[in-house]
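Please read the structure below before turning to the comments.
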Number of protein chains: 2
Amino acid sequence: MAGRKRQVEDAPIDLVSRIQRVEARLSPAERQVAAAVAADFEAATRLTIAELAGRAGVSQPSVTRFCRSVGCSSFADFKIRLATTLTVAAAYLKTDRVFSDDIGQLAQSVMMRAANAVRAALDQLDTAALGAAIEALAGARRIDIYGMGGGSASLVEDAKLRLFRLGVPVSAYVDGHQARMSAAVLQPGDAVLAISNSGRSRAIVEAVQIAGSFGAVTVALTRPGTPLAEAAAIVVPMVIAEDDNVLVPTPSRYAHMAVIDTIATGVAERLGARGREALRRVRYTVASIGVAIPTPSTDPTVLMRGRGVRE
Amino acid sequence: MAGRKRQVEDAPIDLVSRIQRVEARLSPAERQVAAAVAADFEAATRLTIAELAGRAGVSQPSVTRFCRSVGCSSFADFKIRLATTLTVAAAYLKTDRVFSDDIGQLAQSVMMRAANAVRAALDQLDTAALGAAIEALAGARRIDIYGMGGGSASLVEDAKLRLFRLGVPVSAYVDGHQARMSAAVLQPGDAVLAISNSGRSRAIVEAVQIAGSFGAVTVALTRPGTPLAEAAAIVVPMVIAEDDNVLVPTPSRYAHMAVIDTIATGVAERLGARGREALRRVRYTVASIGVAIPTPSTDPTVLMRGRGVRE
DNA sequence: CAAAATCCTGTAATTGGATTACAGGATATC
DNA sequence: GATATCCTGTAATCCAATTACAGGATTTTG
């Protein structure tokens with residue numbers, strides 16, 4: 001099973017967004033499978049390979065190949081992951097509203113982009129790196145947050161507030177000089193969180209290098225393979241396509257914000273009982289939303305529901 | 001004892017509670033399977049029959065019999081249902097485990113809350129008001145943005161950048177005094193964008209009132225029925241539940257950001273050909289990736305426009 | 001423009017997981 | 001104590017899924 005033409009990416013958390021993300025790279029037959037799956041996601045979780053192949057009009061091995069291409073180890077794995085994704089998506093992303101006016105369609109476009117960015121972030125999340133980042137920040141005596149450029153400024157501000165509320169001493173800098181100066185007074189036991197989608201801001205990279213040389217743990221939320229990713233000790237990699245057209249809002253902010261929220265929540269948990277209680281409430285809320293899904297049921301004792309009736 | 005020993009109940013939606021409920025009626029071997037499954041629900045979704053039988057210390061057919069007893073038609077069916085149940089029920093099932101053991105679970109909770117907030121915003125969007133807001137801001141000679149409180153600061157910053165990039169003269173204030181001072185020098189032809197989830201910040205309300213009294217058009221993105229909503233000429237109503245627990249990230253930021261992005265994009269469109277081209281690209285991008293939501297409904301046109309390239 | 005290489009995709013074979021059939025054994029009941 | 005019933009494992013069978021392979025299409029290069 002060595003040496004496939006297309007590398008198999010790690011197991012996706014959000015399979016639907018993964019399928020969309022790689023669709024362009026799929027072969028024609030595989031794309032037909034993707035279309036067949038997209039035509040009825042729900043059914044795809046119950047079909048056999050032969051049935052799905054029939055719907056897509058391709059051979060059975062093409063279905064298996066499709067599953068591998070979207071990051072699953074087997075068809076069975078694909079079905080499990082799809083079922084999981086669908087449950088989550090059904091609970092959170094369903095909207096029945098149809099917009100007929102221009103403004104409504106505009107809003108829908110923009111917001112779906114935002115939602116997709118969050119899902120894309122979830123899909124490609126390196127949970128190990130994220131765990132390490134949480135660990136590092138939770139254990140820090142003091143945290144410096146660096147971000148540069150217009151887009152990052154508000155993110156940095158947001159991250160600062162997030163961690164500040166947890167009672168962690170935190171400073172945020174969007175200015176290169178100030179960031180470097182602050183980095184120079186860090187000590188072992190301190191931590192840095194650097195945020196940059198491009199990963200190429202020289203000032204941030206230098207500030208991170210300085211902080212590292214003084215013994216601080218450096219965490220970067222950025223694109224892999226960039227100078228910033230090289231400079232930081234812990235990298236949470238995140239590739240979000242940037243539209244270089246300044247008029248179009250970049251959805252990467254949503255992705256970064258979501259990652260930051262996750263980090264903050266993880267740190268909250270690490271900080272003891274108070275944080276854990278908060279976390280429990282997050283989970284409770286999540287589960288409650290699940291309950292809200294309208295579903296014909298025959299069992300009143302059931303606490304939570306997935307999708308409605310099958311078929 | 002008439003009839004069959006155990007009737008096969010209908011397909012369960014919440015498999016976990018079903019297992020617990022029927023456990024007393026299971027045979028010893030089946031109960032061992034139940035115990036093995038309960039020991040690690042997550043793993044059970046990936047195991048083969050042989051592996052699960054091994055863990056339970058029973059034969060493979062006993063596993064199949066167990067699946068039937070809990071209402072599933074087959075082992076495969078059991079796995080799919082279990083995976084579905086786990087997704088929704090993760091919060092309850094894992095209460096005893098350290099949550100950060102599974103960063104992915106945490107990320108999924110946090111990020112789906114974010115996506116959900118965006119969806120909620122879209123669902124309740126008042127497109128007429130949004131259109132009026134876009135109209136007002138696009139026609140303004142100068143725009144002041146007001147926001148108050150920790151959560152709004154980064155939003156205001158973000159909105160400022162957004163509009164700034166469109167070439168609109170824009171100022172942002174998160175300080176009450178400064179906001180009021182700035183409002184006092186506004187003139188007819190200027191516009192104010194006030195952002196507040198609570199709508200109760202006295203400083204913002206006053207600033208908006210001042211701006212209005214000097215002839216500026218006032219737009220508020222806030223909760224309806226609040227003082228701020230009363231004070232502003234144009235209100236884009238938005239009700240997002242706030243969790244008052246400061247440790248939990250509030251997803252309302254995502255909703256507000258999405259609305260602001262929509263406004264900014266709409267303004268861009270109004271500002272001429274360049275803006276319109278940008279907008280076309282947004283829509284195109286969305287259309288190509290926007291297949292988005294798996295929905296029980298069979299109507300694929302609900303969520304996406306022009307996804308037609310498929311065949 | 002021709003030739004070669006690479007990639008795609010279906011057919012066929014094989015593997016192995018899941019189910020069914022069956023029989024031995026335990027338990028309860030009369 | 002005998003019988004009937006139910007439980008559970010072994011073995012056989014079936015079928016879904018994967019792998020191997022080859023033919024054909026497309027692209028690249030000389």
Side-chain angles (χ1 to χ4, degrees), chain A residues 1-9 11 15 19 22-37 43-83, chain B residues 1-9 11 15 19 22-37 43-83 310-311:
Chain A
M1 147 171 348
R4 295 195 55 78
K5 49 165 185 176
R6 287 190 296 269
Q7 86 281 11
V8 175
E9 308 188 42
L15 189 51
I19 291 174
V22 304
E23 187 163 18
R25 291 194 288 276
L26 295 177
S27 71
E30 288 173 344
R31 216 166 298 164
Q32 278 180 266
V33 177
V37 171
T45 62
R46 309 196 181 277
L47 264 39
T48 66
I49 271 201
E51 289 165 337
L52 183 55
R55 288 193 182 200
V58 301
S59 66
Q60 297 184 19
S62 289
V63 174
T64 295
R65 286 189 271 260
F66 164 79
C67 296
R68 299 266 158 77
S69 293
V70 298
C72 300
S73 64
S74 69
F75 181 64
D77 186 40
F78 170 80
K79 286 206 290 191
I80 295 283
R81 289 183 190 286
L82 183 59
Chain B
M1 198 176 291
R4 308 201 47 75
K5 52 166 183 171
R6 281 191 301 265
Q7 87 276 16
V8 175
E9 309 188 39
L15 193 49
I19 291 173
V22 303
E23 188 162 19
R25 291 195 289 274
L26 295 176
S27 71
E30 288 173 344
R31 215 166 299 161
Q32 280 180 265
V33 177
V37 170
T45 62
R46 301 198 201 86
L47 263 40
T48 66
I49 273 203
E51 289 166 339
L52 183 53
R55 289 194 182 199
V58 301
S59 68
Q60 297 183 20
S62 291
V63 175
T64 295
R65 286 190 271 261
F66 164 78
C67 296
R68 298 266 157 76
S69 294
V70 297
C72 300
S73 65
S74 69
F75 181 63
D77 187 41
F78 169 80
K79 287 205 290 191
I80 294 282
R81 289 183 190 286
L82 182 59
R310 199 171 292 296
E311 59 199 74

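Residue numbers begin at 1 in each chain, while the letters A, B, ... track the order of the sequences.
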If only side-chain N and O atoms of B/S27 are considered, is one of them under 4.0 Å from the OP1 or OP2 phosphate oxygen of D/dC6? no
From CD of A/E30 across to C1' of C/dT9 the rounded distance in Å is 10 Å
Less than 4.0 Å between a side-chain N and a carboxylate O, is that true for B/R46 and A/D77? no
Between C/dT9 atom C1' and A/L26 atom CG, what is the distance in whole Å? 14 Å
Output for pair (A/K79 NZ, A/C67 SG), nearest 0.5 Å, gives 9.5 Å
Expressed in angstrom and rounded to an integer, what is the separation of B/D77 atom CG from D/dA16 atom P? 15 Å
Any side-chain heavy-atom pair of A/L82 and A/V37 under 4.5 Å: yes
Give the rounded distance in Å between these two atoms: CZ of B/F66 and C1' of D/dT8. 16 Å
Tabulate atom names and distances for all N/O pairs under 3.5 angstrom spanning the protein and nucleotides 16-21 of chain C.
residue : atom : partner : partner atom : Å
C/dA18  : OP2  : B/I49   : N            : 2.4
C/dT19  : OP1  : B/F75   : N            : 3.0
C/dT19  : OP2  : B/T64   : OG1          : 2.9
C/dT20  : OP2  : B/R68   : NH1          : 3.1

Side chain to side chain contact (heavy atoms under 4.5 Å, CB included) partners for A/A36, two or more places apart: A/L52, A/R55, A/A56
To the nearest 0.5 Å, how far apart are CZ in A/R65 and CD in A/Q60? 11.5 Å
Supply the atom-to-atom distance B/I49 CD1 to B/S74 OG, rounded to the nearest 0.5 angstrom. 8.5 Å
